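Before any comments, here is the structure.
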Amino acid sequence: MKLNHCKIVDCTIRDGGLVNNWDFSVEFVQDLYNKLNEAGVDYMEIGYKNSPKLLKGAESAGPWRFLDDEFLREVIPHKGHTKLSALVDIGRVDENDILPRNESMLDLIRVACYIKDVDKALQLVETFHDRGYETTINIMALSNVMENELIEAFELIKESKVDVVYIVDSYGSLDYKDFIYLVEKFKTHLPNKRLGVHTHNNMQLAFSNTLIAADNGVELLDASVYGMGRAAGNCPTELLVTHLKNTKYTLRPVLEMIDKHMIKLREKEEWGYIIPYMITGTLDEHPRSAMALRATEDKDNSVDFYDKLTTPEVSFDKSGKNA
Ligand SMILES: C[C@H](O)CC(=O)C(=O)O
């Protein structure tokens with residue numbers, strides 16, 4: 001039997017941290033690592049490896065926002081076969097903070113960027129590659145990228161050392177036709193690269209879009225336990241684990257994590273398919289205005305929210321309120 005080509009990258013801590021300001025206990029993270037390892041999940045993204053020096057106003061965040069190698073060694077004293085990954089952002093990472101891989105707990109470093117910064121992202125990728133890490137470049141907000149910009153980026157990526165190139169649906173606004181189109185485009189222009197996919201669930205399509213990408217040859221599939229991720233959340237890990245065929249994955253340990261931690265956490269924190277996130281998804285916008293709305297007493301007034309977003313002469317201030 002030919003084993004499925006896919007690998008799951010669980011992003012619960014990194015993307016879920018955008019929901020609770022990375023306020024996960026050490027016990028939670030240890031349980032998650034152990035359960036993902038038991039379930040056969042390939043990678044766990046344990047947080048961001050950005051530098052607090054380069055990101056003002058983030059002092060209140062939990063330790064998973066600015067991973068520290070010493071701390072990681074204490075949290076995961078016995079590493080199983082699940083590899084550890086961290087995400088970095090352009091302009092927020094100090095490359096001097098990244099140890100050579102053989103001195104670090106991390107195996108994979110993923111560089112997130114917008115299309116205009118692909119050149120800078122690839123410079124970072126080269127540094128991390130030369131320090132021994134597996135690398136990805138995650139081009140965010142792809143639904144807002146012009147074809148000509150993408151083609152220019154492909155030229156640089158093709159010649160680079162990056163291992164995996166991600167198709168990222170940051171706004172949860174793409175459907176199956178978009179994914180088939182994008183995967184084909186990436187495969188045609190980057191025949192020498194492996195591909196990854198990261199989806200958001202604004203339109204209830206995260207799981208199905210991930211499967212379509214996988215069926216079309218994408219290898220690294222991002223997911224989060226119970227879908228925990230920014231705003232509408234991500235493709236649920238438990239669904240991939242149980243649904244992908246010809247794999248070594250098992251569902252039971254992920255269900256144990258959900259029973260022990262995720263149900264309680266979801267009562268305290270909010271993420272998932274919620275109408276204001278559906279609205280920003282269908283309008284192909286960042287969910288920040290919907291997130292701001294959900295923090296107000298008016299949080300369920302979706303008609304008013306929709307009217308504001310679709311009325312060109314109304315503008316929003318930074319908190320998401322209309323001005
Ligand atoms: C690098 C990640 O794919 C970034 C992310 O979560 C996004 O939605 O954008």
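In listed order, ligands and their atoms are each counted from 1. The structure displayed is predicted, hence computed values, not measured ones.
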Hey, what polar pairs (N/O, under 3.5 Å) does ligand 1 make with protein?
from, atom 1, to, atom 2, distance (Å)
ligand 1, 3 (O), N138, ND2, 3.4
ligand 1, 6 (O), R14, NH1, 3.3
ligand 1, 6 (O), R14, NH2, 3.3
ligand 1, 6 (O), D15, OD2, 3.2
ligand 1, 6 (O), H198, NE2, 3.0
ligand 1, 8 (O), H200, NE2, 2.9
ligand 1, 8 (O), R230, NH2, 3.3
ligand 1, 9 (O), S170, OG, 2.6

Subject >> Remaining members of hydrophobic cluster (4.5 Å side-chain criterion), V303 >> reply: none
Subject >> With L195, the side chain to side chain contact (heavy atoms under 4.5 Å, CB included) member among T136, L182, V165 >> reply: V165
Original post:
For D107, which of R101, K83, R131 qualifies under salt bridge (charged side-chain N to carboxylate O under 4.0 Å, His left out)?
Top reply: R101
Subject >> R110 bridged to D222 by N-O distance under 4.0 Å >> reply: yes
**OP:** Calculate, to the nearest 0.5 Å, the distance between atoms CZ and CG belonging to F186 and L150 respectively.
**Re:** 5.0 Å
Original post:
Counting only heavy atoms not in Q30, do more than 12 fall under 6.0 Å of its CD?
Top reply: yes
